[in-house]
Structure formats: C-alpha cells, structure tokens
Amino acid sequence: MANVTAIVGAQWGDEGKGRIVDYLAVQADVVIRYQGGDNAGHTVINDKGKFALHIIPSGIFNEETMNIVGAGTVVNFETMEEELAALQEKGVDGENLFIDVRSHLIMPYHRALDGAQERSKSQKMQIGTTGRGIGPCYSDKATRSGIRAADLLDEERLRNRIEMVLEQKNRELAYFGLPEYTVDELMDRCALWRSKFGNKIIDTLPVVRQAYEEGKKILLEGQLGVMRDLDWGIYPYTTSSSPTSGGAAVGSGLGPRRVDEVIGVTKVYSTSVGGGPFMTELFDEDGKKLQTIGREFGATTGRPRRCGWFDAVAVDFSAWINGFTALALTKLDVLDSFETIKICTGYTVGTETITHLPETAEQEIAVPIYEEMEGWMSDTTAARTWEDLPPKAQAYCKRLEELVGVPIKFISVGPERDQIIIM
Ligand code: GDP
Ligand code: IMO
Ligand code: MG
C-alpha cells in the first residue's frame, strides 16, 4: 500500500467505498474522512458485524488506526452519538475517533432548512437530498456564517457566533413556517455535544503531518462520487462539497502532491439515488433485476436506487477529473445471472454523437449508445483470484479497464471483507 491513498467514488455514490476502506484500513495508521457529513451511508461487513457508517470513518474497527473526521467535513454530533453507540454495542469503542477543529457543525436549523428548501421546489427540480442539512451547512460555511467544532470548545465565542447568525436563520425558518430557535436552546445542545465529544475535537494537522513525515500509511475516505461533485457533477443535483481527489487534498490537509495513489471505486454497473440526469437508467426487467440482486436501497435513506448499465463515458470522465491511479471494481457478482451485459460508450445528443461527458442540460437529453457483451452465467462469489473468474467475466472487467484507461487493482465479488480479488 502506498503511503497516502485516496479512496474516491467514481460514479454517483454508493460504489462501495466503505468496504474498500474497511479492507485497506487494516494496514492503515490513519484514516481521514475528507468531506461530506452524515449524508454518507458506507456499508461495512466484517468480523464485528454489519454497519452503515454515516460520519465515522470506515477504519474505526482497527483499534490501532487513528480515525479522523477531517477539516472538510460537516458534523452532526447527534447522529455521531447514535452511530458511536451502535458501534459500542458491537464492541467497537471508538476511542480512536477524532474530529478536526475546522469541521463545521450541522445545527438543528440546517436540517430543518434542508427539508423545507426541498419541499419548496417542484418535483422535477428536487435534488432529493438526504435531508441531513448538508447544503445549508456548507452554504453557511461559504458565507462565513458557519459554526465550527473549534467554537464548541470556547463558550463565549460560541455564544457570539450563534447570536450573530440566529436572527437570520430564524427569519429563514419563519419564511418556511418552521419553529424558531433561541440562543439558549442551541447553547444547551452545544453544551451536551461538548461534554460528549469535546475531548475528541483536536487540531489534527500536526498529527497528520507527523504521521506523513514518519512514513505512516494514510487513507483518505471520500463521500459520494464525482457525478455529484459541486463543481464537476450534475449541478444543481449535486452535494455541496467535493468528493474528488482534489477535495481529498483540501479536506485532509495533505497537499495534492502528497497523495500517492487515487483509487477510483466503481460498481460494474451504475446506480444513483436522488434527482438529476442518469443516462443509462433502466426502466425494464434488467433494471429491476440489478436492483433486486444488488440490493440497491440507500444506506442512509432506504430509498430505492435508480439502476443502469455501466457508463464508461462517465467513469472515464471521473478518471480524468480525479487522476485515478487504479480502479476498484465492485459488485461483479451482481451480474452473475445476466445473459448479456451492456456498456455505454457514447451518447446521442440531438443529431450529434459524442463520446465525452457533456454538461447537465445535455445529459438530460443524452441517449446512451451501448456495446453488448456476453454474460458469464455462473457464480463468482467464491472467486478469490483473477484465475478463479470465468473467462467471460475476465473479458468484461478487461473491457471496462480498457475503456476507462486505468488499471484494475481490486475486484469485489460480495459484500464481506474477504470477498475481494487483488490484481
Ligand atoms: P459506499 O457509500 O460507497 O460505501 O457504498 P454503500 O455501502 O452505500 O453501497 C454499497 C452496497 O453494496 C452495500 O450494501 C455493500 O454491502 C454492497 N457491496 C459492496 N461490495 C459488494 C460486492 O462486491 N458484491 C455485493 N453483492 N455487494 C457489495
Ligand atoms: P455515499 O457516501 C448516494 C445524493 C442525494 C442527492 C444529492 C445531494 O454513501 O456514497 P445531500 O444530502 O448531499 O445534499 O444530497 O446527493 N447523495 C448520495 N447518494 N450516496 C451518498 O453517499 C449520498 N449523499 C448524498 O441523494 O441526490
Ligand atoms: Mg453509500
């Protein structure tokens, strides 16, 4: 394993980042979640049980590994507490969890406003957010009205910050007909969070820098995928941070040149939760089959995920934006019973044929162009080496590798930690 490895979602999210981080974290000294908040649902199945992690990094199961919720994140201490309790129930104590002082706090009004903003939009314009307050919290960060974990540690500063923002927040809440908050009420909640998490809020930079300088192994865990990146994704149907490798450098405090390896995690088909264009979406039996066999339901909201064939144009775009050094293909086993499998290699937009990913408006009218491959029609879940895979499954993986132009490093064939092939 390289010294610094970023694990990045190469599609629309839910690619299986959590399971890849869980697998690699056994060898890691530090794992840093670099952006996003508890909108994530990272499923991990290992010897401790089955978990859906929302904000806590997927390296938490290794006592010796320091797990950092990084500077680029937004943190809801209420859900963090629930998540930690669920872990503790299964014998994972979370002593190795730390939160950077620069992370922003998701306040109760952020969550309330997220829901209200969505409800105020017509169905077609809805982003289908996770309702976790992500957009409103990052908005406050950008307008410099956010409240940071550091503020939680300083009562006077915290009160000043809350007093400064609350009048405006209450006006926004009132506009949507929602209950308002008082300064004291929020101060009380913050006092609770301080008592529970105060000792975990630290400046992580000196620790990360020292780990780096000592040649320790550091994993950077992304949330969501590039197709919902704020700058490069399907704006406005995006999240409010940058899941890309660029975001990994920013959100973790490791400059871009210190990131040695960028692993793009991608399913061997496509899924998307929420609104916005999704070119290869299937509305037929194949789509239903992908959803059923792949158990494609959101780990955070339980919503059914939209399913479709692998979009090589989107993942090639992703490889460019992120500078992938390797791919981790996930869920190969889900295709085990498909007689034929399609791969999107271009689109028709109006009268034009294109092989690059266009901007959102054109994605909305793009019609995929497919090539077809024969399925392997046999069980791959017990495969542990490349040679164990049927030749047709190998051919499919090789074709994806060729189209994306990035070498495959991992192929997963089931959700459990050991159901993985290392190339
Ligand atoms: P993340 O958000 O990128 O961490 O991905 P999620 O956990 O939201 O979604 C991935 C889902 O696929 C989870 O339910 C995993 O347990 C499951 N999964 C991951 N890898 C595999 C695999 O190789 N095969 C199968 N069948 N399921 C997998
Ligand atoms: P992981 O880390 C899949 C989607 C939402 C919505 C859009 C914006 O598990 O891959 P937000 O709540 O961030 O404002 O929602 O992004 N979304 C996700 N989709 N996996 C996730 O996380 C997601 N986090 C947000 O459905 O369309
Ligand atoms: Mg997920």
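Counting starts at 1 for both ligands and their atoms, in listed order.
Checked by atom type, the side-chain pair Ser58/Asp22 shows no donor-acceptor distance below 3.5 Å. Between the side chains of His54 and Glu82, not a single donor N or O lies within less than 3.5 Å of an accepting N or O. Between the side chains of Asn39 and Thr130, no donor-acceptor pair is found at a separation under 3.5 Å.
The residues Arg189 and Glu185 are annotated as not salt-bridged, no charged nitrogen and carboxylate oxygen being separated by less than 4.0 angstrom. Between Lys169 and Asp140 there is a salt bridge, since a side-chain N of the basic residue sits under 4.0 Å from a carboxylate O of the acidic one. Lys267 and Glu296 are joined by a salt bridge, as a carboxylate oxygen and a charged side-chain nitrogen come within less than 4.0 angstrom of each other.
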Next item on the list: In sequence, state the C-alpha distance, the side-chain angles, and the governing distance for Thr301 and Arg303, and then conclude on side chain to side chain donor-acceptor pair (under 3.5 Å).
Entry: CA-CA 5 Å; Thr301 58; Arg303 288 178 290 178; 2.9 Å; yes
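The shortest N/O to N/O separation between Lys267 and ligand 1 does not fall below 3.5 Å. Checking only distances, Gly41 does come within under 3.5 Å of ligand 1, N or O to N or O. Polar contact check, Gly13 against ligand 1: no nitrogen or oxygen pair lies under 3.5 Å apart. The shortest N or O to N or O distance between Ile45 and ligand 1 is not under 3.5 Å. Remark: ligand 1 and Thr43 share an N or O pair separated by less than 3.5 Å (distance only, no angle test). Residue contacts with ligand 2: Gly41 is placed with a nitrogen or oxygen under 3.5 Å of a nitrogen or oxygen of the ligand (distance criterion only). For ligand 2, the polar-atom distance check against Glu15 finds no nitrogen or oxygen pair separated by under 3.5 Å. The shortest N or O to N or O distance between Ala40 and ligand 2 is not below 3.5 Å. The shortest N or O to N or O distance between Leu332 and ligand 1 is not below 3.5 Å. Checked by distance only, ligand 1 and Asp333 come closer than 3.5 Å through their nitrogen or oxygen atoms.
Among protein heavy atoms, atom 12 (O) of ligand 1 sits closest to Lys331 NZ, 2.9 Å. Looking at atom 10 (C) of ligand 1, its nearest protein heavy atom turns out to be Asp14 O, 3.7 Å. Considering only non-hydrogen protein atoms, atom 13 (O) of ligand 2 sits nearest to Thr239 OG1, 2.6 Å. The shortest contact between atom 19 (N) of ligand 2 and any protein heavy atom is with Leu224 CD2, 3.5 Å.
Listed by number with element, the atoms of ligand 1 under 4.0 angstrom from any heavy atom of Gly18 are 4 (O). Less than 4.0 angstrom separates some heavy atom of Glu15 from each of these atoms of ligand 1: 3 (O), 5 (O). The contact set between ligand 1 and Ser412, taken as ligand atoms under 4.0 Å from a residue heavy atom, comprises 20 (N), 21 (C), 22 (C), 23 (O).
For Gly128, the heavy-atom gap to ligand 2 drops under 4.0 angstrom. Heavy atoms of Glu221 stay at 4.0 angstrom or farther from ligand 1. Heavy-atom distances between Asp114 and ligand 2 stay at or above 4.0 Å for every pair. Proximity of Lys17 to ligand 2 is established by a heavy-atom distance of less than 4.0 Å.
Here Gly18 fails the criterion, with no N, O or S atom under 2.8 Å of the Mg ion (ligand 3).
Lys289 forms a cation-pi arrangement with Phe338, by the criterion of a distance under 6.0 Å to the ring centre and an angle within 45° of the ring axis.
When the N, O or S atoms of Asp14 are ranked by distance to the Mg ion (ligand 3), OD1 comes first.
Applying the side-chain contact (heavy atoms from CB on, under 4.5 Å) test between Val404 and each of Thr266, Val315, Leu329 identifies Val315 as the sole match.
Remark: aromatic rings of Phe51 and Phe61 are close, center separation under 6.0 Å.
Heavy atoms of Gln11 found under 4.0 angstrom from ligand 1: none, in either backbone or side chain. Of the heavy atoms in Val265, none comes closer than 4.0 Å to ligand 1. Only side-chain heavy atoms of Arg19 come within less than 4.0 Å of ligand 1; its backbone N, CA, C and O stay farther off.
Taking only non-hydrogen atoms, the option from Arg228, Arg303, Gln223 nearest to atom 24 (N) of ligand 2 is Gln223. For atom 9 (O) of ligand 1, the choice among Arg295, Arg305, Glu296, His54 with the nearest heavy atom turns out to be Arg305.
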